[in-house]
Number of protein chains: 2
Amino acid sequence: MAAFLSERRQLILKLVVQEFVETATPVASDTLVRKYGLNFSSATVRNELAALEELGYLTHLHTSAGRVPTDIGYRYFVENLMDRLALSSAEQRMIRHQFYQVRGELDQWLQLAGAVLARTAQNASLVTPPRSDTLRFRSLELIAIHETMALAVLVFHGGTIKQQTLSFDSVRNGEDLRRIAARISDRCQDCTFTQIEELLTQAQTAPLDDFERLLYDLVVRAMRGYADQAAEQFYSDGLIEMLSQPEFIPALVREEDAVRAVERMRRTLELLKNGRALGPLIPQVLASDGVQVIIGGEHGEDAMREYSVVLARYGVDGSVTGVLGVIGPTRMAYPRSISTVRYISSVMSDLMSGLYGAEPRQPEE
Amino acid sequence: MAAFLSERRQLILKLVVQEFVETATPVASDTLVRKYGLNFSSATVRNELAALEELGYLTHLHTSAGRVPTDIGYRYFVENLMDRLALSSAEQRMIRHQFYQVRGELDQWLQLAGAVLARTAQNASLVTPPRSDTLRFRSLELIAIHETMALAVLVFHGGTIKQQTLSFDSVRNGEDLRRIAARISDRCQDCTFTQIEELLTQAQTAPLDDFERLLYDLVVRAMRGYADQAAEQFYSDGLIEMLSQPEFIPALVREEDAVRAVERMRRTLELLKNGRALGPLIPQVLASDGVQVIIGGEHGEDAMREYSVVLARYGVDGSVTGVLGVIGPTRMAYPRSISTVRYISSVMSDLMSGLYGAEPRQPEE
DNA sequence: ATTAGCACTCATACAACGAGAGTGCTAGCT
DNA sequence: AGCTAGCACTCTCGTTGTATGAGTGCTAAT
């Protein structure tokens, strides 16, 4: 991958990326010299820029425009040139503090993670709920709402909860419900849904009556449904932050792009909403440790060609895992995005450990 | 309000609104004559248009541009001119069918209501969860997650549920938890949070120990929190639908507006997100029956000047109520939006009746 | 009261132009 | 050989001027 680049070319590439990320305008040779006090002239820089362009790291919109990094350029930057700075400890403290304040509510954690990611990276964020690939039943509780209606709460290993209201024909009192729920809870302890299905075929554990059968059905369907809707559900935040990026402000962009900015925006929203932006990447992220960066066209989807995604897994190994990250224009502050994603994922992992019962690991970095 | 308008002026105003809603371009006098086969000339129409403009129902962007309805024009249309058509029974069936398929899950109902509203009205939708102004406690269940951690599920009248994980110092078994939960459930039956607070000050119902005190605290805090975050939580959908309206497609709009389309869009998103678009209207909607229409500047917020909101209350009188509706450019298909909102609100009301235990009412219209 | 006819206004599209930015190249310097 | 100063060249962008066409507002005739 890493074609060899002379020290100077590396420096110049790095500066181009940083400058472009900062200003969002194509960077000119003498801007580099002036702004960073390089001890060689703009003509030299021009030669190097031309070489870097030849090698595929940079492009040119037209003759008299400055240089812009290509996907390959960004990739090289992320891989080799980037300063890997962590979030300041003040920021870390602040973030931790916020999570501490909503102690105990998974939904809120997810939402908060999304909000913090968005704010810190100034881009849109995505957070999938933590999931277990083999969901195991823990217990069922039935809470009477009135005589012929109850709330079924299914608790699974790893803290996943599903709730559903349930109506039935015959009148049942609380004690009755409790007894049946306990029976089912006991029998299905630690089972996957296929195991529960097997159980049902065995004579000695056959359901007592129609009602109990109904409940088993509910459990199996819920667990099966959980497996199906794998990557379809997720939290998203930071639309506004992303849309505040210059890419989406026509006044700052070339005329023609201005007209298409909205079109692009709409398509992006669509991608975000239906999960096509994230879905295909999830297996890849789950299968690997650390932060994954997908830059522009590296993502298969054509509509994603102008966007980058920074993702990380979080959760507890072998139990529940989710994916979180940020998405934004390829012109993204990668160091900041990456360290934010890394940090939040470690915080979330700790929280999940807590939920699942393991001791929290020491916070990373 | 309704200044008298001659039959013909009413007709012309109605046609202008309909035509503008349909085409999104200012409507010219002879377009009306041609398209609707009026039996008087464009010159006559021009005179009437001028009169309607004088009266405040229409405007003009510049001399040689067609007419556009003002907020007042839309208001008159909605109040007096609109054809009040209901959704076709085929559409009604289809919608009901969808709700039927997710029987039992409140969250999904809300989400579905949002999706259907958005799709049917081709605009953004908003749905607040059903709430009771005086939340009454029904029961508390504690579900062990592991030795020092449990899931607390609080059930309130009207089907509202709140869940929270809870960790504690000493080891407690399931029986222990069940006993305490039952004790609390029993004592707080049907109480509002102020009543629970009172209970706690009375000696004979004082908590047994720190753990029970912790739980009471949790309950009271949850109920209080519920009251606080009144209008801050809601589902929203249909952004894409709204952004597909011509108002947001620069190519179709005057040059200058094109540049600001995105700016406007961003501000709109912000309004939608933080609830300022909806929040101030909720009391008004809750206090009144039927569908409320707020057109453009009638909404106090300046950023809402170009948007209209169609809202209705849903739920069960005296128990739980929520608000749902659509939001979009003032150039909105009001008849369709209104009938959609009305229908969905009646469907949701029926569902809520089911949850709360009352018999479903006969479907409206 | 209605309408035909026409002058007038204004937005929009298009072309021409000048200015400025930034490159690419060449020739000279170290 | 590597670097740099200088300069011609290219292309965008903002401006100006002009033609066009849509649609009104008015007036005079019916």
Side-chain angles (χ1 to χ4, degrees), chain A residues 5-9 11-12 15-16 19-20 23-55 57-69 246 249-260, chain B residues 5-9 11-12 15-16 19-20 23-55 57-69 246 249-260:
Chain A
L5 289 184
S6 74
E7 195 99 346
R8 193 168 68 184
R9 286 186 184 169
L11 173 64
I12 288 177
L15 293 180
V16 170
E19 180 69 11
F20 184 63
T23 65
T25 44
V27 353
S29 53
D30 69 311
T31 310
L32 288 181
V33 180
R34 259 189 297 105
K35 188 154 176 182
Y36 297 94
L38 301 183
N39 52 0
F40 33 86
S41 80
S42 68
T44 308
V45 174
R46 277 200 289 282
N47 288 332
E48 298 291 50
L49 289 176
L52 284 167
E53 179 160 359
E54 184 69 24
L55 293 167
Y57 297 103
L58 301 175
T59 356
H60 231 188
L61 302 184
H62 56 270
T63 7
S64 76
R67 291 316 201 292
V68 167
I249 302 177
L252 300 181
V253 199
R254 285 183 272 69
E255 176 75 21
E256 189 179 0
D257 273 62
V259 176
R260 294 193 193 164
Chain B
L5 288 184
S6 73
E7 195 99 343
R8 193 168 70 185
R9 285 185 185 168
L11 172 65
I12 288 177
L15 292 180
V16 170
E19 180 69 12
F20 183 63
T23 65
T25 45
V27 352
S29 53
D30 68 311
T31 310
L32 288 181
V33 178
R34 259 188 298 106
K35 190 156 176 179
Y36 297 96
L38 301 183
N39 54 359
F40 33 85
S41 79
S42 69
T44 308
V45 174
R46 277 202 290 284
N47 287 331
E48 298 291 50
L49 289 175
L52 284 165
E53 179 160 2
E54 183 69 25
L55 292 167
Y57 297 103
L58 300 174
T59 355
H60 232 184
L61 301 184
H62 55 271
T63 8
S64 76
R67 292 317 204 289
V68 167
I249 302 176
L252 300 181
V253 199
R254 285 182 271 72
E255 175 73 22
E256 187 180 359
D257 273 63
V259 176
R260 295 193 192 164

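Here is how names work: the chains are called A, B, and so on, in the same order as the sequence lines, proteins then strands, and each is numbered from 1.
Between A/Thr44 and D/dC3 there is no side-chain N or O to OP1 or OP2 distance below 4.0 Å.
In this structure, B/Leu61 places its CG atom 10 Å from C1' of C/dA11, rounding to the nearest Å. In this structure, B/Ile12 places its CD1 atom 10 Å from P of C/dT2, rounding to the nearest Å. A straight line from CZ of A/Arg67 to C1' of C/dG24 spans 9 Å, rounded to a whole angstrom. For A/Glu54 and C/dG24, the CD to P distance is 11 Å, given to the nearest whole Å. The distance from atom CG of A/Leu49 to atom P of C/dA21 is 18 Å, rounded to the nearest whole Å. When the C1' atom of C/dT23 is taken as reference, atom CG of A/Leu52 falls 15 Å away, rounded to whole Å. A straight line from CD of B/Glu48 to P of D/dG25 spans 13 Å, rounded to a whole angstrom. We find that NE2 of A/His62 is positioned 8 Å from C1' of C/dG22, with the value rounded to whole Å.
Residues satisfying the side chain to side chain donor-acceptor pair (under 3.5 Å) test with B/Thr23, not counting sequence neighbours, are B/Thr25. Under the side chain to side chain donor-acceptor pair (under 3.5 Å) criterion, B/Thr31 pairs with no residue at all, not counting sequence neighbours. Residues passing the side chain to side chain donor-acceptor pair (under 3.5 Å) test with A/Arg34: none are found, sequence neighbours excluded. In this structure A/Val45 satisfies the side-chain contact (heavy atoms from CB on, under 4.5 Å) test together with A/Ile12, A/Ser29, A/Leu32, A/Val33, A/Leu38, A/Phe40, A/Leu49, sequence neighbours excluded. Under the rule for a side-chain contact (heavy atoms from CB on, under 4.5 Å), A/Thr63 has no partner lying at least two apart in sequence or in another chain. For the salt bridge (charged side-chain N to carboxylate O under 4.0 Å, His left out) test, residues two or more places apart in sequence or in another chain that qualify with A/Glu19 are A/Lys35. Among residues two or more places apart in sequence or in another chain, the side-chain contact (heavy atoms from CB on, under 4.5 Å) test is passed with A/Ser64 by A/His62.
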Kindly give the atom pairs (protein nitrogen or oxygen, nucleotide nitrogen or oxygen) under 3.5 Å for nucleotides 5-9 of chain C.
unit_1: C/dG5; atom_1: O6; unit_2: B/Arg46; atom_2: NH2; d: 3.3
unit_1: C/dT9; atom_1: O3'; unit_2: B/Thr63; atom_2: OG1; d: 3.1

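Using a 4.0 Å cutoff on non-hydrogen atoms, the parts of residues 26-39 of chain A near DNA chain C are A/Val27, A/Ala28, A/Ser29, ordered by number.
Between A/Tyr36 atom OH and A/Leu11 atom CG the span is 10.0 Å, to the nearest 0.5 Å. Atom-to-atom distance recorded for B/His60:NE2 and B/Arg67:CZ is 3.5 Å, nearest 0.5 angstrom.
Considering B/Val16, B/Val68, B/Leu58 in turn, B/Val16 is the only one that fulfils the side chain to side chain contact (heavy atoms under 4.5 Å, CB included) rule with B/Val27.
If one axis is set at each end of the helix from C/dA1-D/dT30 to C/dT30-D/dA1 from five pairs, those axes are 20° apart, to 10°.
The stretch residues 36-47 of chain A participates, sequence neighbours left out, in no salt bridge (charged side-chain N to carboxylate O under 4.0 Å, His left out) pair at all.
When distances run from any side-chain atom of A/Arg8 to the nucleotides D/dC3, C/dC10, D/dT12, the shortest one goes to D/dC3.
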